[in-house]
**Q** 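Supplied in structure tokens, the structure appears directly below.
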Amino acid sequence: MAFDIEMIEKVYSNFSSRIEAARKLLNRPLTLTEKILYAHLHESQSLEDFQRGGSYVDFAPDRVAMQDATAQMALLQFMQAERTTVAVPSTVHCDHLIQAKVGADIDLSTAKDQNKEVYDFLASVSDKYGIGFWKPGAGIIHQVVLENYAFPGGMMIGTDSHTPNAGGLGMIAIGVGGADACDVMAGLAWELKFPKLIGVKLTGKISGWTSAKDVILKVAGILTVKGGTGSIVEYFGEGARSLSATGKGTICNMGAEIGATTSIFGYDEKSEIYLRGTKRGDIADLADQIKEHLTGDEEVYANPENYFDQVIEINLSELEPHINGPFTPDLAWPISKFAAAVKENGWPAKIEVGLIGSCTNSSYEDISRAASLAQQAIDKNLIAKSEFTITPGSEQVRYTVERDGFLATFGKMGGVVLANACGPCIGQWDRHGAEKQEKNSIITSFNRNFSKRADGNPNTHSFVASPEIVTAMAISGDLTFNPLVDTLTNSKGEQVKLEEPTGWEMPVNGYDVKDAGYQSPAEDGSKVSVIVDPKSARLQLLEPFKAWEGTDLKGLKLLIKAKGKCTTDHISMAGPWLKFRGHLDNISNNMLIGAVNYFNEKTDSVKNQLTGEYLSVPKVQRDYKAKGVGSIVVGDENYGEGSSREHAAMEPRFLGVRAVLVKSFARIHETNLKKQGMLGLTFVNKDDYNKIQEDDSIDILGLTSFAPGKTLTIQLTHKDGSTESFAVAHTYNAQQIEWFKAGAALNIIRAGVAA
Ligand code: MIC
Ligand code: SF4
């Protein structure tokens, strides 16, 4: 079922010749990233067409993976492409829609009930078009992909920003919006701006309390949430070779939090151990034959400064465990400095809940190491002070760690095992008491900690750490506890210390699973019918967006000038809204409700320029739409960071916003806007952001000669009648300008099919 050895053979058979050609052309040794990218150039693209850095390049990915919350929109779009099957192996994973409330069994059956319509839709579309379907309960997309589909040297796109998790096994795996997935499944090339390269050299060896997670927590602190934008991060060095494949997966997974296009490690002994351990020895055999191509050239790693745009060196032997947060994943604290930071900033020291698992950290190694601490708590008469939950990443891991007794150990410590799904990580957490909005702290082994993300409470201070640290902190119940040096008082009044965690990289008795939760598609999908009830509140067939009217856009109203951080969670919140991911009209009612209005510092309260009233953002925009008035959204730095969800681009498009003008964009969101026929523009001079006033009427000029590399002009007419204008930049290439003109990229595919 799971892997496609023939496809992999085909990919590998191209490797040597392509890489040799690239080496000759560039006349220098190559990084691993370059090798895999060159090996996956689309046939329409010749090697000579481009040099590294900046330009758009067409690629031919080997696979597509989609999770349920984004697959709905991806597949609704794919259905319009009118193909009989997908052009590359693709899978759907039901993980995001399962709410965490009581525990695995009950939550899973409730989810199957509540989401039946959506699961049936996804299952039938998968069946029809030849897509592998992973049922609810099978696990979280990235863990299931790592265990079954990731392979060294491969290239995959996935409709989720943490798709880079597969980089742990040497794959270039990139998060995209559903429209990109739709293109690749329809057999088209996939375009990406050729990335910059950041090299991270790992020396030394990890030990004691430190784990792979701490590498990325440290890197996030160095590079910040923007620092990886437009770059692929390649890890190498003896330290890299000492990390397990799943540990590497954790590092690559959370590379999404620094905005990196993806992250990658080379193929090594640890990759081989993992492939063989997950019953994919035949892939390991094939990879062994072309080993030298599945890592960067020796000269590159010997003198990385000559081949990477930026090099970071981290000595794992000296790396301390880290805790990052609150509210942003790049606020990095070495554990020795954390207690002081908690006190100085007045963060609530009491830890309400510790949560381990998720797509980031739920390997056998993670769980066994965390369980070793839970066992110590039991042996040393310590009673965990915080609540504690475990979210396994896949049924295979869950089954194996249950068999090996770890889940029982957590149970004795008071832990609750949640379903193999995203649950609390994406606001699918029905946390008792969250509605009171009390200031409180939680600590998780997840990757993101934006405001309101876990439980909808803006006052929840969420911190991110390794599963080991989360477990130790949950035992202590206190953010100022440092397990490396501090003692705890046990139930007998004695002072006890937790020893360093221990665990196993791979299960000694192998992985096992009874029912992994996979369903293969029908041999002949033509007889499968996909039904969408026109009255459904959760699914809605798409109507094509209108083509551009061919003129400059004049008299647009300012919908909102967003202040500060505006992630996709602020633009299209998840949690309670996940249920509308297949219904564009309904989900549009959450548009930008989390963004802070610059003019009144409030969320979800903007001025309707036609009536003067302050109302919720979607309400105001619906009024503009009804009256045929276009609008514009203005934002700050790294606008749209976070998720791959294209709803954050489709909602404004659907409701009649014409342009999004910001200081800078996060990569996936910028592409999503372009694909949906929106204008995504950036200030040439960032201070021009200050010129925009609440009652402005805005013109976008220069569209009739819209061309790559050429700025457009914004003209503001202020309330007092005065005007100001300034230049704005864009990154549209010729093809993307066509998307804008056609009203959306999909309109072009549709026209192609019809022709
Ligand atoms: C996330 O971690 O934010 C999500 C939920 O997995 C998203 C995808 C989504 O919004 O459906 C992501 O990271 O892309
Ligand atoms: Fe799911 Fe959280 Fe991972 Fe996103 S980051 S895929 S919501 S577990």
Side-chain angles (χ1 to χ4, degrees), residues 65-74 92-100 118 134 136 138-146 157-166 173-178 180-181 216 249-250 252-257 259-260 262 329 355-362 366 389-394 397 418-429 444-454 462 464 567-582 587 590 594 640-651 666-669 671-672:
M66 292 163 280
Q67 44 91 338
D68 51 1
T70 48
Q72 298 170 59
M73 223 19 114
V92 165
H93 304 260
C94 296
D95 51 4
H96 280 61
L97 300 178
I98 301 171
Q99 206 181 16
V118 172
W134 289 81
I140 309 175
I141 176 169
H142 312 301
Q143 186 67 33
V144 173
V145 164
L146 193 71
I157 59 165
T159 59
D160 190 281
S161 66
H162 294 105
T163 303
N165 192 68
I174 301 183
V176 298
D180 282 34
I216 184 63
T250 297
C252 295
N253 175 304
M254 216 185 138
E257 270 54 62
T262 191
L355 306 100
I356 65 164
S358 89
C359 67
T360 325
N361 268 119
S362 58
D366 291 332
T389 69
I390 304 99
T391 308
S394 72
V397 163
L418 301 175
N420 310 321
C422 300
C425 180
I426 186 54
Q428 286 284 71
W429 185 21
T444 81
S445 74
F446 309 164
N447 40 31
R448 294 204 166 130
N449 54 356
F450 303 138
S451 169
K452 295 200 204 172
R453 180 172 169 97
S462 170
V464 178
T567 71
T568 45
D569 283 349
H570 298 80
I571 307 171
S572 174
M573 192 189 171
W577 293 91
L578 278 174
K579 57 176 173 293
F580 298 124
R581 285 290 185 86
I587 199 163
N590 78 359
E641 103 187 56
S643 161
S644 65
R645 63 190 76 139
E646 64 199 322
H647 306 76
M650 293 179 92
E651 294 173 23
R667 173 189 61 91
I668 304 178
H669 186 63
T671 309
N672 286 345

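Whatever order the structure lists ligands and atoms in, that order sets their numbers, starting from 1.
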**Q** Out of all atoms in ligand 1, which are within 4.0 Å of some heavy atom of Asp160? Include the element for each.
**A** 4 (C), 6 (O), 7 (C), 8 (C), 12 (C), 13 (O), 14 (O)
**Q** Could you check which of Glu646, Arg645, Gln72, His162 puts a non-hydrogen atom nearest to atom 10 (O) of ligand 1?
**A** Arg645
**Q** Do His93 and Asp68 have a side chain donor and acceptor closer than 3.5 Å?
**A** no
**Q** Please report whether ligand 1 has a polar contact with Ser161, defined as an N or O pair separated by less than 3.5 Å (distance criterion only).
**A** yes
**Q** What protein heavy atom sits nearest atom 1 (Fe) of ligand 2, and how far away is it?
**A** Cys422 SG, 2.3 Å
**Q** Closest non-hydrogen protein atom to atom 8 (C) of ligand 1, residue and atom name please, with distance?
**A** Gln67 NE2, 3.1 Å
**Q** Mind checking whether Thr70 and Ser644 have side chains closer than 4.5 Å, heavy atoms only?
**A** yes
**Q** Taking Gln72 for the side chain and Gly582 for the main chain, is one N or O donor matched with an acceptor at less than 3.5 Å?
**A** yes
**Q** Can you list the ligand 1 atoms lying under 4.0 Å from a non-hydrogen atom of Ala69?
**A** 11 (O)
**Q** Taking only heavy atoms of His162 into account, list the atoms of ligand 2 that are under 4.0 Å away from them.
**A** 4 (Fe), 5 (S)
**Q** Please check: side-chain N/O of Asn420 versus main-chain N/O of Gly393, any donor-acceptor pairing under 3.5 Å?
**A** no
**Q** Can you see which heavy atom on Thr444 is nearest to which on Ser462, and at what distance?
**A** CG2-OG, 4.2 Å
**Q** Is there any N or O on Thr159 that sits under 3.5 Å from an N or O of ligand 1?
**A** no
**Q** Counting each atom of ligand 2 from 1 as listed, which ones have a heavy atom of Ile426 under 4.0 Å away?
**A** 7 (S)
**Q** How does Asn447 reach ligand 2, by side chain, by backbone, by both or by neither, if only non-hydrogen atoms under 4.0 Å count?
**A** side chain
**Q** If you look at every heavy atom in Asp366 and Thr250, which pair is closest and at what distance?
**A** OD2-OG1, 4.3 Å
**Q** Any idea which protein heavy atom is nearest atom 7 (C) of ligand 1, and the distance to it?
**A** Ser643 OG, 3.1 Å
**Q** Of all the heavy-atom pairs spanning Ile141 and Met66, show the shortest one and how long it is.
**A** CD1-C, 3.6 Å
**Q** So does Ser572 get a backbone contact from the side chain of Arg645, meaning a donor-acceptor N/O pair under 3.5 Å?
**A** yes
**Q** For ligand 1, which atoms sit closer than 4.0 Å to a heavy atom of Ser644?
**A** 12 (C), 14 (O)
**Q** Relative to the heavy atoms of His142, which atoms of ligand 2 are at a distance of less than 4.0 Å?
**A** 6 (S)
**Q** Is the shortest distance from a heavy atom of Arg448 to ligand 2 less than 4.0 Å?
**A** no
**Q** Under 2.8 Å from atom 2 (Fe) of ligand 2, is there any N, O or S atom belonging to Cys425?
**A** yes
**Q** Which residue supplies the protein heavy atom nearest to atom 3 (O) of ligand 1, what is that atom called, and how far is it?
**A** Arg448 NH1, 2.8 Å
**Q** Between Arg453 and ligand 1, which part of the residue brings a heavy atom under 4.0 Å of the ligand: side chain, backbone, both or neither?
**A** side chain
**Q** Is the contact between Gln67 and ligand 2 made by the side chain, the backbone, both, or neither, using heavy atoms and a 4.0 Å cut-off?
**A** neither
**Q** Apply side-chain hydrogen bond (donor to acceptor under 3.5 Å, both in side chains) to the pair His570 and Glu641, showing each step before the final yes or no.
**A** CA-CA 10 Å; His570 298 80; Glu641 103 187 56; over 6 Å; no
**Q** Could you go through Asn253 and His142, starting from their C-alpha distance and side-chain angles, then the distance that decides it, and tell me whether this counts as side-chain hydrogen bond (donor to acceptor under 3.5 Å, both in side chains)?
**A** CA-CA 8 Å; Asn253 175 304; His142 312 301; 5.5 Å; no
**Q** Please work out which of His96, Arg581, His142 has its closest non-hydrogen atom nearest to atom 11 (O) of ligand 1.
**A** Arg581
**Q** Look only at the side chain of Arg453 and the backbone of Cys425, and say whether a donor-acceptor pair between them is shorter than 3.5 Å.
**A** yes
**Q** Keeping the roles fixed (side chain from Glu257, backbone from Pro329), state whether a donor-acceptor pair exists under 3.5 Å.
**A** no
**Q** Side chains of Ile174 and Arg667: closer than 4.5 Å at any heavy-atom pair?
**A** yes
**Q** So, 4.0 Å and heavy atoms of Arg453: is ligand 2 close enough to count as a contact?
**A** yes
**Q** Identify the closest protein heavy atom to atom 3 (Fe) of ligand 2: which residue and atom is it, and at what distance?
**A** Cys359 SG, 2.2 Å
**Q** Numbering the atoms of ligand 1 from 1, which are under 4.0 Å from a heavy atom of Thr70?
**A** 9 (C), 11 (O)
